[in-house]
Every structure is written in C-alpha cells, then in structure tokens.
Amino acid sequence: MRRVVVVILDGLRRDFVDAVRTPHLFEFAARAARFPAYRTAFPSATRVVAATFATGCHPARHTLQGNSMALLENGVLVPHDAGAPGFLQHKRSINGYALAVPTLAERLASHGGAIIYNNVSPGAAYAHDPDGHGHVYHRAGSFARGRVAAEPLNVALDAAGDRAMTERFVADALGVRQPALAVLWLGEPDHIQHNVPLGSPEHLAVLREADRNAALVIDAVDRRRQSGDDVLLVIGSDNGHETVSGVVDVEAALIAAGLKAGVESNDIVAMSSGTSTLIYLHHDAEHRRDSLGDFLASQSWAGTVIDGAGLAAIGQAPHNGLAFAVSLAADASANEHGVPGRSLAAKPRWDKQDRIGCGQHGGLGQFEQSPVLLIDGPGFDAGSVRGEPVHVTDLAPTIMRHLGVAAPGMDGRAL
Ligand SMILES: [Zn+2]
C-alpha cells in the first residue's frame, strides 16, 4: 500500500539540525532529500501554515489569514484569536465556510483517509480538517468523521506530552489503522522556544527530546516498509524562530498618529502574528488608506510593508478588509547563545505574553522563514540537496502525487 507519513517538529529551524543537537534527524537527512531553500507561508505562524499545508493553497485562497485575524461580521471588523477551539466553526457561520478550499482530509476521505495527531493550539489542529472528513486528535477535543467526538488525547503541551502522543500515533495510526495519510504535529521545540532563549540549555534539552520523538516514527515507518508498504516519509517544520528584540504596540502607534480612533475602535484593526501584523481597514475609513500607508512606511519598526498588489506576492488577499501586512524589522545579529536572527514583535491582544529575549516568528525574517524539510521515499534520492525554491504549499500536491490521487486546484506543485 502507498502511504504518506508526515512529522512536523513545530518551530524547528533548519540550522539547528546537526549531529550534536538533533542526531536522529541528522542521520535521517543522509537518507532523505534536503530542501535548503524551503520557505513557509506568510504569516510564518502555525495556524496559517497548518491551513496552508492542509490545502496546498496560500492564505489568499484558504482564507485563514493570520494566527489572529479580523472577520467582517455584519459590517463590523471583529478581532479573533484563530487558535481558539471554536474559531473555524465560528468563521464558517460568518463566511459560509471554515476554509474556502478543500483539505487533504477531504480529498482523501474516500482514498484511504487521514489521521492527524496534533499538540499545538486547538485552532491550528482543527485547521487540518475543520469539516470532519478524517480524524483529528487534540487535547482540546478529538474528532472523527462527521466531527463526532473521538477518543480524547490527554497530553500536555511539552516534551513528555509529545512523547505520549508520538507513542500513541505509532501504535494507532501506523500500527492498527494505517490511513493513507498520517500526520504527527509535535508541539516542541516551538513551545520551549517561546519560553526560553534560543540555544539555551533548556531549549537544547527539549530539542533532543523532539529529535527522539521523530526517531520513534522513523523506526515505525521502517517497520511498515519491511512489511511491504510504499511509504513517503516527510519530516519538517512549519516555521523557524527569531529572538524577540523588542515589542511594538502597533495599535497604540496608530492611535497616537491619529489614524485609529481608539483602543476598542473597529475602523482600523491590527492583528499580531508574532513578528508580523495584519492591518485591516474598514471601508468607512477608506479615506485613511494613503496616510496609513505613508505612516507605516515612515516607521523604523515596520521592516517590510506590503499592500495592494504586493499582498498577492506573499500569498495574501484583501479579504475582510486586509489593507497592509507588516513584517517587523529583523536582522541577523546573534543572541547571548550565538544564535543569529533577531526581530521586533507586534504586541499581541488579550494580554498574551510578549516573549522578549525568547523565540518568536510570524514574519519574513531569514530564520523564521528557514524551516526544515526532509523527504525520504520514492523519487527523493538519499542525501540529495534540492536547492530550488520550495514552499509549504508544495507538500500537499507531493503527498497526493505519492498516493496516486489527482489534486486539482492547489497553488503548490508536486516535488
Ligand atoms: Zn510558535
């Protein structure tokens, strides 16, 4: 049987894959194809990347625009945390769909099915299959086909929880049920990287645990191959991390500049995805578009400002009044542990932590846009280096190609 197994080590930068810090992944890389020009979605944030991975389409088409984003509800811009368990179901009630294009789970529903085990935010987990075509296991609630409740996944968001989830994934998805597509999305090293400095002993200890979890799956896939399965094994990450060098309150800056009416106003809404922000403009405030653009262009914290036609080039579209995307200023300087890459971050809403001195991502910075991608299986030569530009939208068509199922309408191309 043809199968695809995907392991995502959330937040892993590809420059952290080496013989010392991730020995199992380093060994695996020797038998896989490597993709040193692999880039991820914008914002480079897990909920967005999960929907992009699941659909093979950019946010412009699947419409999950940011880790936090605005929806236009009865003519009002309403801010939302896309990580909340009910976000995509709410989005369906507003837009008429959760995601505007089909997921891998939907496309594979009658071709062997999909099982997703996920230990990141509920919103990111459910972005794999918001309409209930396959099986999604998450600590906030598991769902089987038809979105009926499935066996709970009671694990913590840490290395031990990832370990328990990995063991169950291997026994259940790879051992017993054997779907066409099995996805294991680990919460580490992303979770620890948000809480300690990159390269610190605490970070490296958890990274070794994540590496061991990946090894459990590599061994299980080898056993499946010995029993005759033709398995494509994809091991990667959704984004890298940069060290947060400072935090910018973008909405406060817009209010101080006279561009936004007040803290609770819905004329202009800035939604943080870590080191980037999406700025939504209500049509009643359309006359402020040019001055808003001029203001952003004049701000040193606004590293890259994207608007109008530029949105399409980064895979976004003006849905819900999205007017500007900003990737905050970043540089390649090193932190106290010698890890390069620093970026400003956009202050999040809802009193979330601002992560100064720790890791963050979301923008177009060099290191957050340098996730890992290793593919082992037919068509991918052991030890080869594929230097062409590759994007996370290319994974879904690659998966479908291996499974021999047509996949029209995706933005990416099979690798
Ligand atoms: Zn993260």
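Counting starts at 1 for both ligands and their atoms, in listed order.
Residue His361: an N/O/S atom is found under 2.8 Å from the Zn ion (ligand 1). Residue His194: an N/O/S atom is found under 2.8 Å from the Zn ion (ligand 1).
Phe169 has its ring centre no less than 6.0 Å from the ring centre of Tyr137.
In summary, the side chains of Asn118 and Arg139 do not present any donor paired with an acceptor at a separation below 3.5 Å, with no hydrogens or angles considered. Under the 3.5 Å distance criterion, with hydrogens and angles disregarded, a donor-acceptor pair is assigned to the side chains of Asp190 and His361. For the residue pair Asn95 / Thr63, no side-chain donor-acceptor distance below 3.5 Å is found, with atom types taken as modelled.
The Zn ion (ligand 1) lies closest to atom OD1 when only the N/O/S atoms of Asp190 are considered.
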